[in-house]
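Below is one structure, written out as structure tokens; the observations come after it.
Computed from a prediction, not measured in an experiment: that's the story for all the values here.
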Amino acid sequence: MLKMTMFLKRHPDLSHDEFVRHHIDQHGPLFRSIPEADRHVMRYIQTHPSPLSDDAPVSVDDYDGTAEIWFDDEAGMKAVLTSDTYRDKVFPDEKTFLDHDNTLIQVGHQTTIISDA
């Protein structure tokens, strides 16, 4: 299994709340509509920062959210990200709410250290 983690920056024309609404309500379902995703995506999670108290043990970095997508393998990731639906619908949508130049992407294999199982 291969995991892609994206640290997302919003398009400069959007507020953080507008970004979150678009990411959840529009982009998520649009990504889910990719036919190849049914075969190759094992899991897709969006996370958006929560406000923390001043004395929280960690600070929140300057990203508007993350997206984590688990693919069956590299060929599956390629099938999804080069599909007609991704190219014609999903990627153009990304340009409306993401700042691609400041979004970070990491792809790799995860190692479980602690699990609830």
Decide whether [X] and [Y] are clustered together by the hydrophobic rule: side chain heavy atoms of Ile, Leu, Val, Met, Phe, Trp, Tyr closer than 4.5 Å, transitively.
| X | Y | result |
| --- | --- | --- |
| L81 | I105 | yes |
| I34 | I24 | yes |
| L14 | V20 | yes |
| W70 | V80 | no |

Using the side chain to side chain donor-acceptor pair (under 3.5 Å) criterion, which residues pair with [X]? Sequence neighbours excluded.
| X | value |
| --- | --- |
| D73 | none |
| K3 | E68 |
| T112 | none |

| said: Does this structure show an ion pair linking D62 with K9, if we count only N-O contacts that are shorter than 4.0 Å? | reply: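 Salt bridge between D62 and K9, a charged N being under 4.0 Å from a carboxylate O: yes.
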
Which distance, rounded to the nearest 0.5 Å, do you find between the [atom1] of [X] and the [atom2] of [Y]?
| X | Y | atom1 | atom2 | result |
| --- | --- | --- | --- | --- |
| M6 | I69 | CE | CD1 | 3.5 Å |
| N102 | L8 | CG | CG | 11.5 Å |
| M1 | H109 | CE | NE2 | 10.5 Å |
| K78 | F71 | NZ | CZ | 13.5 Å |
| H11 | D64 | NE2 | CG | 12.5 Å |

Which donor-acceptor pairs under 3.5 Å do side chains of residues 89-98 form with protein atoms, sequence neighbours excluded?
residue: D93; atom: OD1; partner: H22; partner atom: NE2; Å: 2.8
residue: D93; atom: OD2; partner: H22; partner atom: NE2; Å: 3.2
residue: D93; atom: OD2; partner: H27; partner atom: ND1; Å: 2.8
residue: E94; atom: OE1; partner: Y86; partner atom: OH; Å: 3.2
residue: E94; atom: OE1; partner: H100; partner atom: NE2; Å: 3.0
residue: E94; atom: OE2; partner: Y86; partner atom: OH; Å: 3.1
residue: T96; atom: OG1; partner: D93; partner atom: O; Å: 2.6

| task | Applying side-chain contact (heavy atoms from CB on, under 4.5 Å), name anything that partners E74, two or more places apart in sequence or on another chain. | result |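 Applying side-chain contact (heavy atoms from CB on, under 4.5 Å) to E74 gives L2, M77.
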
Under 3.5 Å, which donor-acceptor pairs do the side chains of residues 40-47 form with other protein atoms, sequence neighbours left out?
residue: H40; atom: ND1; partner: D72; partner atom: OD1; Å: 3.4
residue: H40; atom: ND1; partner: D72; partner atom: OD2; Å: 2.9
residue: Y44; atom: OH; partner: Q46; partner atom: NE2; Å: 3.0
residue: Q46; atom: NE2; partner: H23; partner atom: O; Å: 2.9
residue: Q46; atom: NE2; partner: H23; partner atom: NE2; Å: 3.4

